[in-house]
Amino acid sequence: MHNFNVFTGEPRKFDPTFKGPIYNRGCTDILCCILFILALLGYFAVGILAWSQGDPRKVIYPTDSKGQFCGQVGSPLEKKPLLFYFNILKCASPLVLLEFQCPTTQICVERCPNKFMTLVKALLKEDDREYYKQFCKEGVDMTKVITRRCLPALETLKGGVVVVGNKTTFRDDYAEKNINATDLLEASKKSNVVVEARAVAMRIFEDYTQSWHWILLGLVIAMLVSLIFILLLRCLAGVMVWVMIIMVVIVIGYGIFHCYMQYASLKGQAGSDVTIKDLGLQTDFSVYLQIRQTWLAFMIILCIVEVVIILLLIFLRKRLLIAIALIKEASKAIGHVMSSLFYPLLTFALLSLVIAYWAITAVFLSTSSDPVYKVFNTTECMYSRDTCEPETFNSSNITAECPDAECLFAFYGGETLYHKYLILFQFYNVFLFFWCANFVTALGQVTLAGAFASYYWAFKKPEDIPAFPVFNSLGRALRYHTGSLAFGSLILAIVQIIRVLLEYLDQKLKGAQNKCAKFLLSCLKCCFWCLEKFIKFLNRNAYIMVAIYGKNFCTSAKDAFFLLMRNIVRVAVLDKVTDFLLFLGKLLIVGIVGICSFFFFTGKIKIVEDATPTLNYYWVPILTVVFGAYLIAHGFFSVYAMCVDTLFLCFLEDLERNDGTADRPYFMPESLLSILKNNIAEVVE
């Protein structure tokens with residue numbers, strides 16, 4: 001006799017009419033469905049507004065002092081793609097960090113200066129004067145660059161001496177004083193803080209253009225390996241799990257051995273004992289592989305991972321047997337619902353669409369401001385940093401009171417109603433991105449849950465399994481439960497946007513000295529991280545209940561939570577063990593593909609050595625293939641994970657509804673029943 005408990009709820013009662021996912025169901029959470037549709041319409045409106053106001057050229061091309069784009073195709077400056085700073089020493093001003101603009105005239109030029117020259121020297125020779133003219137403002141006869149910026153050719157000699165044009169100092173004839181090359185170096189650094197980042201980005205882009213077809217081939221191989229592994233897991237689940245475990249241990253062991261051999265081979269070589277800290281940030285990342293400390297760090301990390309995996313296998317060996325039994329049953333379910341293996345492709349396509357829409361909208365929103373011009377000057381001026389208009393500036397009284405003042409482009413902004421609420425549009429864009437991405441994930445979970453629940457509650461398998469279970473489940477989810485999916489996704493999106501705001505505050509308070517505020521912020525970040533994990537876990541199980549019973553989100557979440565609480569021991573035994581085994585499978589696939597790509601792109605496979613592309617950074621395609629392989633493997637194994645979770649929840653429901661008698665038989669196979677009941681009892685004891 002079951003007793004009701006406020007913490008666990010009332011157990012399910014026997015229902016002879018229950019045969020799995022209910023077909024006669026109604027729409028759930030209609031208000032949330034309407035809210036979601038209205039939010040999407042608002043999202044489309046924000047996108048249209050951003051696309052009509054934005055201009056991506058602002059992030060592609062550098063902008064001169066008149067707000068014109070350097071190097072823009074079809075413009076008068078098409079053949080002038082580089083930006084030249086008149087007086088780069090002014091870039092050392094704190095204004096650069098506040099407004100991201102140097103208080104000096106900037107013009108678009110065809111190429112950067114290739115020789116050191118001052119105005120006084122240029123006036124002495126006709127050739128020098130003609131050369132100097134190309135770096136003057138348009139319409140002026142003679143007056144006083146990361147990618148696409150002209151920067152001075154500075155060098156650092158032995159002993160840290162900075163020189164420009166082989167000189168430590170040079171004469172500023174306009175200011176009538178000598179300038180130290182070190183000051184010029186500091187100004188060059190502040191003129192654009194992303195100089196090295198842009199250089200690295202260009203090299204990475206070049207590597208992608210050289211290796212994209214090989215990367216694509218690597219991803220295809222990763223997909224084939226994942227598919228073969230899944231098919232083998234379906235046929236030989238028990239054997240494949242143990243093979244997978246052994247292979248992961250061997251692959252990590254090989255990695256440790258390889259790191260040790262590299263570490264030993266560098267012994268005694270010049271410069272190999274330099275520490276990573278002394279080396280600092282280098283744009284050529286291959287430099288780090290020439291020092292022993294890098295390989296020592298890799299070796300220590302892999303050793304820790306190896307020890308952790310071995311210890312987990314030792315202490316969780318009984319739970320592993322239970323998890324393997326559940327994976328075997330999941331393999332049978334996937335074997336009867338093979339279309340489920342291809343559903344992740346739909347999820348991937350929808351997520352790609354959501355990400356693309358968010359990214360494009362974000363770019364257009366961030367570039368939808370108007371050019372703002374401000375007064376820049378070198379002497380005392382009451383109008384300094386005031387907003388100005390270039391067309392009327394020369395006729396204004398500012399030039400009379402401040403002769404050296406100029407009206408220069410400062411940044412992009414605006415004073416209209418649209419510009420005032422631009423930050424809210426960006427916030428709305430991020431929030432809807434989270435909501436839509438969570439909705440797509442939820443749709444995939446409830447679809448797969450409905451399909452696998454149809455398998456479990458079929459008394460005679462496969463005869464009683466309905467035709468096209470995945471498509472039927474997808475249709476039910478969209479027709480009846482869009483509101484429930486939107487409700488669960490909304491709760492998760494709210495928590496995620498709060499985490500984003502906390503991260504933003506953390507960045508803003510990094511320079512603050514208030515330790516109490518930092519501690520409180522860290523606690524909040526930790527709490528909301530835990531809350532997000534819990535909501536994801538609860539949502540996942542709630543969607544399974546929605547797929548089976550067709551109830552609203554809150555009722556389904558409550559039923560799932562109480563069901564798990566009534567079987568807390570079984571949940572504790574199986575909670576993360578199956579996830580751990582499936583993670584090892586993903587790790588194995590990534591390891592195999594990663595090692596193969598490493599040997600190929602480093603030219604160590606003699607048979608295809610001639611086909612290896614010439615790259616700046618060979619780690620670029622390797623990391624891309626590894627990351628892509630993980631996403632592909634995760635897509636396939638996510639089907640397994642959802643299948644295991646659905647079968648486990650159905651198993652708990654089955655135990656409460658039925659008792660194994662002739663009148664109330666269990667729907668689970670006898671083999672699975674004996675393993676789960678007996679082994680769980682042994683683990684608990």
Participant: How far apart are the closest heavy atoms of G47 and Y357, and which atoms are they?
Facilitator: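 Residues G47 and Y357, closest heavy atoms: CA-OH, 3.5 Å.
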Participant: Is there a side-chain contact between S339 and F468 (heavy atoms, below 4.5 Å)?
Facilitator: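 Not in contact.
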Participant: Tell me every residue that passes salt bridge (charged side-chain N to carboxylate O under 4.0 Å, His left out) with K558, counting only those two or more places apart in sequence or in another chain.
Facilitator: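 For K558 there are no salt bridge (charged side-chain N to carboxylate O under 4.0 Å, His left out) partners, ignoring immediate neighbours.
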Participant: Could you check whether any side-chain heavy atom of L564 comes within less than 4.5 Å of a side-chain heavy atom of F537, counting everything from C-beta outward?
Facilitator: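 Yes; the side chains approach each other to less than 4.5 Å.
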Participant: Please evaluate residues F583 and F637 with respect to the criterion ring-ring contact (aromatic ring centres under 6.0 Å, His included), reporting the C-alpha separation (whole Å), side-chain torsions for both, the decisive distance (0.1 Å), and the verdict.
Facilitator: CA-CA 8 Å; F583 173 74; F637 279 93; over 10 Å; no
Participant: Can you tell me which residue among L353, V354, T441 is in a side-chain contact (heavy atoms from CB on, under 4.5 Å) with C436?
Facilitator: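 Running side-chain contact (heavy atoms from CB on, under 4.5 Å) over L353, V354, T441 with C436 returns exactly one hit, V354.
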Participant: Please check if the side chain of R25 supplies one atom and the backbone of V546 the other of a donor-acceptor pair under 3.5 Å.
Facilitator: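 It does hold such a pair.
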Participant: Of the non-hydrogen atoms in V593 and G218, which two are nearest, and what is the gap between them?
Facilitator: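 Shortest heavy-atom separation between V593 and G218 comes out as CG1-O, 4.1 Å.
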Participant: If the condition is side-chain contact (heavy atoms from CB on, under 4.5 Å), which residues does L217 pass it with, not counting sequence neighbours?
Facilitator: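 In terms of side-chain contact (heavy atoms from CB on, under 4.5 Å), with neighbours along the sequence ignored, L217 is linked to W214, I221.
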Participant: Ignoring hydrogens, what is the shortest heavy-atom contact between F452 and A333? Give both atom names and the distance.
Facilitator: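 Distance-wise, the nearest heavy atoms are CD2-CB, 4.2 Å.
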Participant: Which pair of heavy atoms, one from A437 and one from L351, lies closest together, and at what distance?
Facilitator: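 Between these two residues, the closest heavy atoms are O-CD2, 3.8 Å.
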Participant: Do the non-hydrogen side-chain atoms of S340 and I334 ever get within less than 4.5 Å of each other?
Facilitator: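 The answer is yes; the side chains approach within 4.5 Å.
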Participant: Looking at every non-hydrogen atom in both residues, tell me the closest pair between F427 and I497 and how far apart they are.
Facilitator: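 For F427 versus I497, the nearest heavy atoms are CE1-CG1, 3.6 Å.
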Participant: Applying ring-ring contact (aromatic ring centres under 6.0 Å, His included), which residue pairs with at least one partner in residues 469-502 are found, sequence neighbours left out?
Facilitator: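 Output for this query lists F487-F553.
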Participant: Please enumerate all residues that pass side-chain contact (heavy atoms from CB on, under 4.5 Å) together with L224, with sequence neighbours excluded.
Facilitator: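 For L224 the side-chain contact (heavy atoms from CB on, under 4.5 Å) partners, ignoring immediate neighbours, are V220.
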Participant: For the CZ atom on F431, are there more than 12 heavy atoms of other groups (residues, nucleotides or ligands in this structure) within a distance under 6.0 Å?
Facilitator: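 For F431, atom CZ is crowded (more than 12 foreign heavy atoms under 6.0 Å).
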Participant: Let me confirm one number: the CG-CG distance from D29 to L490, rounded to the nearest 0.5 Å.
Facilitator: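 D29 atom CG to L490 atom CG measures 11.0 Å (nearest 0.5 Å).
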Participant: Can you name the side-chain hydrogen bond (donor to acceptor under 3.5 Å, both in side chains) partners of N438, sequence neighbours left out?
Facilitator: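 If we apply the side-chain hydrogen bond (donor to acceptor under 3.5 Å, both in side chains) test to N438, skipping adjacent residues, the hits are Q496.
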Participant: Among residues at least two apart in sequence or on other chains, which ones pass side-chain hydrogen bond (donor to acceptor under 3.5 Å, both in side chains) with T347?
Facilitator: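 If we apply the side-chain hydrogen bond (donor to acceptor under 3.5 Å, both in side chains) test to T347, skipping adjacent residues, there are no hits.
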Participant: Are any side-chain N or O atoms of S473 and backbone N or O atoms of P469, one a donor and one an acceptor, separated by less than 3.5 Å?
Facilitator: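 Side chain of S473 to backbone of P469, a donor-acceptor pair under 3.5 Å: no, none is there.
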Participant: Can you give me the closest heavy-atom contact between L219 and T624, atom names plus distance?
Facilitator: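 Heavy-atom minimum between the residues: CD2-O, 4.4 Å.
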Participant: Is there a donor-acceptor pair under 3.5 Å between the side chain of T447 and the backbone N or O of L443?
Facilitator: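 Judged by distance alone, yes, a pair lies under 3.5 Å.
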Participant: Apply salt bridge (charged side-chain N to carboxylate O under 4.0 Å, His left out) to E532 and list each qualifying residue two or more places apart in sequence or on a separate chain.
Facilitator: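 Counting only residues at least two positions away or on another chain, E532 forms a salt bridge (charged side-chain N to carboxylate O under 4.0 Å, His left out) with R499, K536.
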Participant: Measuring from atom CG of L350 to atom CG of L345, what distance do you get when rounded to the nearest 0.5 angstrom?
Facilitator: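 Here the interatomic distance stands at 11.0 Å.
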Participant: Taking salt bridge (charged side-chain N to carboxylate O under 4.0 Å, His left out) as the test, write out the residues that go with R540, two or more places apart.
Facilitator: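 R540: salt bridge (charged side-chain N to carboxylate O under 4.0 Å, His left out) contacts with D645.
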Participant: Evaluate the side-chain proximity of F627 to L623: yes if any heavy-atom separation is below 4.5 Å, no if none is.
Facilitator: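 They are not in side-chain contact.
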Participant: So, the side chain of W51 versus the backbone of F364: is there a donor-acceptor pair under 3.5 Å, distance only?
Facilitator: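 Such a contact is absent between W51 side chain and F364 backbone.
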Participant: Measure the spacing between CG of L563 and OG of S556 and express it to the nearest 0.5 Å.
Facilitator: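 These two atoms lie 12.0 Å from each other.
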Participant: Should Y428 and W358 be marked as a ring-ring contact (aromatic ring centres under 6.0 Å, His included) after you check the CA-CA gap, both sets of side-chain angles, and the distance that decides it?
Facilitator: CA-CA 10 Å; Y428 188 77; W358 162 77; over 10 Å; no
Participant: State, with a plain yes or no, whether a side-chain heavy atom of Y455 is found less than 4.5 Å away from one of E329.
Facilitator: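 The answer is yes; the side chains approach within 4.5 Å.
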Participant: Restricting to pairs with a member in residues 631-643, which pass side-chain hydrogen bond (donor to acceptor under 3.5 Å, both in side chains), not counting sequence neighbours?
Facilitator: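 Listed once each, the pairs are S331-Y640, K586-H634.
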Participant: Should we say atom CG of L38 is surrounded by more than 12 heavy atoms from elsewhere, each under 6.0 Å from it?
Facilitator: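 Correct, the count exceeds 12.
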Participant: Which residues pass the side-chain hydrogen bond (donor to acceptor under 3.5 Å, both in side chains) test with N541, not counting sequence neighbours?
Facilitator: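 For N541, no residue satisfies side-chain hydrogen bond (donor to acceptor under 3.5 Å, both in side chains) once neighbours in sequence are set aside.
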Participant: Can you find a heavy atom in the side chain of L49 that is under 4.5 Å from one in the side chain of L365?
Facilitator: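 A side-chain contact is absent here, since even the closest heavy-atom pair is not under 4.5 Å.
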Participant: Check side-chain hydrogen bond (donor to acceptor under 3.5 Å, both in side chains) between D654 and all other residues, then give those that pass, not counting sequence neighbours.
Facilitator: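 Expected list: Y456, N658.
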Participant: Table please: side-chain donor-acceptor pairs of residues 39-46 below 3.5 Å, with sequence neighbours left out.
Facilitator:
residue, atom, partner, partner atom, Å
Y43, OH, N429, O, 3.4
Y43, OH, N429, OD1, 2.7

Participant: With heavy-atom distances below 4.5 Å as the criterion, would you say the side chains of L346 and Y343 are in contact?
Facilitator: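 They are in contact (side-chain heavy atoms under 4.5 Å apart), so the answer is yes.
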Participant: Got V590 and L587 here, is their nearest side-chain heavy-atom distance under 4.5 Å?
Facilitator: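 No, their side chains stay 4.5 Å or more apart.
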Participant: How about T28 and S484: does a side-chain donor come under 3.5 Å of a side-chain acceptor?
Facilitator: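 Yes, because at least one side-chain N or O of T28 sits under 3.5 Å from a partner of the opposite role on S484.
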